[in-house]
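Chain A is the first sequence line, chain B the second, and so forth, proteins listed ahead of strands; every chain is numbered from 1. None of the values given here were measured: they were computed from a predicted structure.
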Protein chains: 2
Amino acid sequence: MADVADPHPEPERATAGSKTLDNGIRVLKALAQHPRGLTMTELATAVGAHRTVVYRLLGTLTRHGLVAQGPDNRYQLGLAIIELSGAVRPDLQTLAQAPLRELADETGATAFLSLLDGDEVVSTLVVEPLHADAHVAYRLGTRHPVTLGSAGLAILSARAPRANERGEISLARERGYSVSQGEIQRGAWGLAAPIRPRSGDAEASVGVVALQPLDEVHVARLVMDTAETIGKLIP
Amino acid sequence: MADVADPHPEPERATAGSKTLDNGIRVLKALAQHPRGLTMTELATAVGAHRTVVYRLLGTLTRHGLVAQGPDNRYQLGLAIIELSGAVRPDLQTLAQAPLRELADETGATAFLSLLDGDEVVSTLVVEPLHADAHVAYRLGTRHPVTLGSAGLAILSARAPRANERGEISLARERGYSVSQGEIQRGAWGLAAPIRPRSGDAEASVGVVALQPLDEVHVARLVMDTAETIGKLIP
DNA sequence: TTTGAGATGAGCGATAATCGCACGTATAGT
DNA sequence: ACTATACGTGCGATTATCGCTCATCTCAAA
């Protein structure tokens, strides 16, 4: 099994690091990559620890509900994860949901809210359009580099101009939205606009993805309106 | 430590437990209860560990993106949590979203999907109605005992009848839905129906919550239809 | 049914990771 | 400016963890 590409590269100074906790988290991340569940030995090889270690970790994780074993005795992520996720930026989750749904339905495309995390962009909220024949399956929590995809470009366009930035960023800064095609997913078309809260910088963006290019002018207007709506809701 | 001659094999086992991992998880859960963030010393007292211990744990958690510190240096849950939550029953998350949204809009009430976890019920998916003056703020990942609230009663009503079960359960089994009032939240009214997948038992339910009782016959029909729709989507 | 291969759960000693104290520094409040 | 509170980091003693081992269990094939 390929290892998880860790988005948070550890500095060479391994000063503050807890090995046991690290192992436990790697168990969780390994399970996250295999939604159908993993068996004990598969897990052990996946995280590179001996079975007995994983066994004890699973005991603690299970007791906290972060891991549960399905009917086939395979281990999978437990519902306590959802409990935790409900506490991640609850303001955004509640405030942005309704505008995103309207955006998704009006454009007929999958709408999403992306947040900056280090030098990567994470899709924090994804809403698929209700009545659409084929929509893009955009998984919650997807990560890409900021420099790729309309969502990241939109966030970068909200910053002060930099010398060697991509031309798309300058263009997005002028127009107020960014467009990308095939950068994240083959053949996918995306359009996004940065969210500007009343104070500070949210380092966030709203956007839509579709399987084929949409009416850029029309969609851009809707996306920017949604971004403005959400921005006004955020302090 | 003094228990030597144990006449009965102890019912509860403190078998496999990892203290460090346990501390780390308790940090996460403490942060989940304080969405506005916690400072280092607050965290230390919250989990009952010394600051230096929490410090090292936070290092590992931050490196994995599970914890991030806001602009005021307070620690809060990070976006990697959302990454993990996207892998918890992804099938349910994608399949049930659209039906729940229709249910929420048609009834004007908050719609939710609840899953059984041990002897508790967890709200796994919550959708608030788009155009509603006042809706119930139902937090994702909320837990209650199965025996309380319409969602839990609905799940119990899908099981085989038991001798001393609450009358509401028998009633729900006859009617196909359950109603409760004020059991979870003061003054809140809830109606739920069990989800019956094509095979096995999902141990799940769909429901709505409102601040005041709604038209029971009408809403019950909509909720049961939604439960059936979702049930057909699940293998 | 018997047999056997593979996976699982648990006991236990050596070792390495963790704990908790101490000290030096940064920040806020008066 | 000065005090008080909170923060970040070394370091030794101790403890929790690691990884070996063996007994038990599941399931498939003979």
Nearest listed nucleotide, side chain of B/Tyr75, among D/dG8, C/dT8, D/dC18:
D/dG8

Closest to the side chain of B/Val53, out of C/dT8, C/dG20, D/dC18, is C/dG20

Short side-chain N/O contact to C/dT8 OP1/OP2 from A/Thr39, under 4.0 Å
yes

Report yes if a side-chain nitrogen or oxygen of A/Thr20 is closer than 4.0 Å to either non-bridging phosphate oxygen (OP1 or OP2) of C/dA17; otherwise report no.
no

Roughly, in whole Å, what's the span from CG in A/Asp72 to P in C/dT8?
12 Å

It should be established whether B/Asn73 places a side-chain nitrogen or oxygen under 4.0 Å from OP1 or OP2 of nucleotide C/dT27.
no

Calculate, to the nearest 0.5 Å, the distance between atoms CE and CZ belonging to A/Met224 and A/Arg196 respectively.
11.0 Å

Nearest-Å distance for atom pair CG/C1', residues A/Leu58 and C/dA10
15 Å

Rounding to a whole Å, what distance do you find between A/Asn23:CG and C/dT18:C1'?
14 Å

What pair of heavy atoms forms the shortest contact from B/Leu153 to B/Arg166, and how long is it?
CD2-NH1, 4.0 Å

Atom CE of B/Met40 to atom C1' of C/dT25: distance rounded to whole Å?
14 Å

Can you tell me the distance, in whole Å, between the CG atom of A/Leu38 and the C1' atom of C/dA7?
15 Å

So B/Thr52, base contact, sugar-phosphate only, or nothing? Heavy-atom distance under 4.0 Å.
base

Closest-nucleotide mapping onto DNA chain C: is B/Arg51 or B/Leu57 further toward the 5' terminus? I mean the 5' end.
B/Leu57

Using a distance-only test with no angle check, is there a side-chain donor-acceptor pair under 3.5 angstrom linking A/Ser178 and A/Glu168?
no

Nearest to the side chain of A/Lys19, heavy atoms from C-beta on, is which of C/dG20, C/dG9, C/dA17?
C/dA17

Taking the side chain as C-beta and beyond, is there a heavy-atom pair between B/Leu113 and B/Leu115 under 4.5 Å?
yes

Length of the NE2-P vector between B/His50 and C/dA22, whole Å
11 Å

Assign the ring pair B/Tyr138 / B/His144 to parallel, tilted or perpendicular, where the plane angle (0 to 90°) is split at 30° and 60°.
parallel

Of the nucleotides C/dC21, C/dA10, D/dA6, which one has an atom closest to the side chain of B/Thr41?
D/dA6

Specify the separation, in whole Å, of atom OH of A/Tyr55 and atom P of C/dT8.
11 Å

For B/Asp22, report the nucleic acid contact type (base, sugar-phosphate, nothing); a contact means any heavy atom under 4.0 Å.
nothing

Side chain of B/Arg56 (C-beta onward), nearest among C/dT18, C/dA10, D/dC18:
C/dT18

